There are 2 protein chains.
Amino acid sequence: MGHRRPNKVTQLDIARLAGVSQSTVSRVMAGDPKVEPELRERVLQAARLHSYLPDARAQSLRRRESGMIGLVIKRPRGGLAGDAFFSNLIGEIMDRLHDAGSRLCLELVHGDENEVSVHEALLRSKRVDGVILVESVVHDSRLELLQRDRFPFVLIGNPMRSHVWSVDNDNVAAGALAAEELIRSGYRRIAMLAGPPGITVSEDRILGYSRALDAAGMPCRIWHSDFGIEAARLVAEEALAGPMAPDALVVLDDLMAMGVVLTAREQGLRIPDDLGLVSFNDTHLCHVLERGLTSVSLNIEALVREAVDCLMAQIRGEGPSEPRRILVPCQLKRRGSSAPLPRGEEALR
Amino acid sequence: MGHRRPNKVTQLDIARLAGVSQSTVSRVMAGDPKVEPELRERVLQAARLHSYLPDARAQSLRRRESGMIGLVIKRPRGGLAGDAFFSNLIGEIMDRLHDAGSRLCLELVHGDENEVSVHEALLRSKRVDGVILVESVVHDSRLELLQRDRFPFVLIGNPMRSHVWSVDNDNVAAGALAAEELIRSGYRRIAMLAGPPGITVSEDRILGYSRALDAAGMPCRIWHSDFGIEAARLVAEEALAGPMAPDALVVLDDLMAMGVVLTAREQGLRIPDDLGLVSFNDTHLCHVLERGLTSVSLNIEALVREAVDCLMAQIRGEGPSEPRRILVPCQLKRRGSSAPLPRGEEALR
DNA sequence: CTGTTAGCGCGTTCAG
DNA sequence: CTGAACGCGCTAACAG
């Protein structure tokens, strides 16, 4: 046993074996209808016999498209870890892409360090035909680069001032939805546990939260935390201490909400009686809490469907040429963590 | 508006602009040290000016390696959804691969339907240099194909009778570890909630569980369930009904354990008093249960490190030529769900 | 040390 | 309808 590379069989080999020219093989493989049926059969048989398969690299070099699309997820190192939201997203994208006949090249970006180099490695080097970007900071330098180079891409997230194709939840509405649920349930000191400053999802939900509280004549109180269960737990420790601590929290995602749950437990706070909770993403985590965690469902399937369709249209050069921002509606899943308070004073309502 | 494809600038253009030959540009881009510094500078400048970047497809066609490795995950449709284990795995692989200078092509396989076609699309078409396979059924036809074609690959999972490179936890030991924890805690009717029949992780852990129970002179009882929280919940409903229901359960993974927790709640069973619980993967879910969920940690980082190193060695043609099975040790994370029973009879111990 | 030449495997004219 | 010839963009072998 020796040879490193297997199957060095090429189109030319098949051609010889079938007694035709290489271009005929090419035509047969491409399904060209104007090939004599007899020749076609000879070729197909030879191809099958030697289990020939076209070289994807040569193909994409020639026909100038790789049949791959890139997925770039921006998260701090280890930030993907354990977040079911991304499993969902990736799974959904894969299924959708499979139907479109493309494969996926996954890329993780941690900080600002390599965001540009990723853009280069993936796009300018023509490794992929287009890119889906997930999440963004408020001012994302990649967008300008991609735009300048006229590269097919779609952002899953809020493009802010950039005029690009994007698909997003209406996170302002979502933030308001979450806050209103708590207001309606009778909580009085409703704070928000947000993500790191500058993350658009976070900022948008903060905005929605703020508007809802303003409208109800209640004061806003906002804490920022890094992603992840542990970071949130620590910030919650601070937030939930003291006599003026909030009696309800809008939390940026389910994972962080679990951090809050841990702290609440430590401090002997019962949910929802001592602390109301609403979060986002509606992952499996929501079912795990004793009486369930109220969460805003993002409708990932629709999000992905829109994003992939939009990207594919760009790649094919179809569709309206003007970038558009597509909004996918959210939906509140009401569960026990935001149930109406059984306090005496609530009887007045 | 106008041109579809951006940046049609090639090595030849740069060569002309710098007044050198194309191969010199190639050398400079490759970092060849024996190029006159002055020329190098001219080339680099021209390249920067026109933001030139080598075409990855042409490169890999010529130097017969794509710089990409494939990750093929076999799970039923939607089975990736919400499983934090895979987020972890993927994240870890990406980081590791990044260090090795490769990118990742992700592929999901649902049933037997397309497992062969994936093999073709990825490997035979030379889209990737090698493949990491995750999970396998007891007799996996892909392994033979890959082996026959001498394709660089490593299996994360148990290869059973196949003689291939693989990295795996010692799931037999892990299963025993879990069962022994429950035995030690004083439970008497310890059953196992396993995955679908034929999945090697599941079978191995069943084996370990059985051995541990045999050794303790206790009878085995095994239920099979599909993956996911909901499927497990349903099976648990059946398993936990009746007077002879188990008082402790070894569950195949954290997500399924959560299904069990839901059922336990419905039926008014308290954990760990009425029902002991040990599962696998040690994801964030374990911290969410009131007193914590005891779980066997798989040491994903080590798993991935071994797998990637092994694959890279194969691709480079290095390393021992004989396939080896690498085992990564597991570790029990003891938490509240398997805490010793506070029953009267337990005082005897 | 540099330029010239020859392919990598395939798609696509362009004659016949 | 088919085959011969060319080139995608790049690397590698060989001269000079």
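As the structure is a computational prediction, the values presented were derived from the model and not from experiment.
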Grab the CZ-P distance between B/Arg16 and C/dG3 for me, whole Å please.
-> 14 Å
Do the side-chain N or O atoms of A/Lys126 get closer than 4.0 angstrom to the phosphate oxygens (OP1, OP2) of D/dG9?
-> no
Kindly point out which of C/dG9, D/dC10, C/dG11 is positioned nearest to the side chain of A/Arg63?
-> C/dG11
Would one find a side-chain N or O of A/Gln11 under 4.0 angstrom from OP1 or OP2 of C/dG11?
-> yes
Does the side chain of B/Thr10 get closer than 4.0 angstrom to OP1 or OP2 of D/dC10 through an N or O atom?
-> yes
How long is the line joining CZ of B/Arg62 and C1' of D/dT11, in whole Å?
-> 5 Å
CG of A/Asp129 to OG of A/Ser102, rounded to nearest 0.5 Å, is 6.5 Å
Phosphate OP1/OP2 of D/dC8: any A/Arg57 side-chain N/O under 4.0 Å = no
Return the nearest nucleotide to the side chain of A/Gln22; candidates are C/dC1, C/dG11, D/dT11.
-> C/dG11
salt_bridge(B/Arg148, B/Glu144) N-O dist < 4.0 Å | no
Measure the distance from CG on B/Asp13 to C1' on D/dC10 and round it to the nearest whole Å.
-> 13 Å
Would you say a side-chain N or O of B/Thr24 is under 4.0 Å from OP1 or OP2 of C/dT2?
-> no
With no hydrogens and no angle check, is any side-chain donor or acceptor of A/Arg325 less than 3.5 Å from a backbone partner on A/Ser166?
-> no
Out of C/dT2, C/dT12, D/dT2, whichever nucleotide has its closest atom nearest the side chain of B/Leu39 = C/dT2
Counting heavy atoms from C-beta on, name the nucleotide in C/dC10, D/dG3, C/dA6 closest to the side chain of A/Ser21.
-> D/dG3
B/Arg40 atom CZ is separated from C/dC1 atom C1', nearest whole Å, by 12 Å
From CZ of A/Arg42 across to C1' of D/dT2 the rounded distance in Å is 12 Å
Between D/dA12 atom P and B/Met29 atom CE, what is the distance in whole Å?
-> 14 Å
OP1 or OP2 of D/dT11 sitting under 4.0 Å from any side-chain N/O of B/Gln59?
-> yes
B/Lys8 NZ to D/dC8 C1', in whole Å, measures 9 Å
Measure the spacing between CD of B/Glu36 and CZ of B/Arg27 and express it to the nearest 0.5 Å.
-> 13.0 Å
Hey, is B/Arg40 close enough to B/Asp32 for a salt bridge, meaning N to O under 4.0 Å?
-> no
CG/B/Leu104 to CG/A/Leu104 distance, rounded to the nearest 0.5 angstrom?
-> 9.0 Å
Out of D/dT2, C/dT12, D/dC10, which has the shortest distance to the side chain of B/Asp55?
-> D/dC10
Are OP1 or OP2 of D/dC1 and a side-chain N or O of A/Arg27 less than 4.0 angstrom apart?
-> no
Toward the 5' end of DNA chain C, which comes first, B/Ser23 or B/Leu61, by nearest nucleotide?
-> B/Ser23
Contact class for A/Val20 (heavy atom, under 4.0 Å): base, sugar-phosphate, or nothing?
-> sugar-phosphate
For A/Glu38 and D/dC1, give me the distance from atom CD to atom P, rounded to whole Å.
-> 14 Å
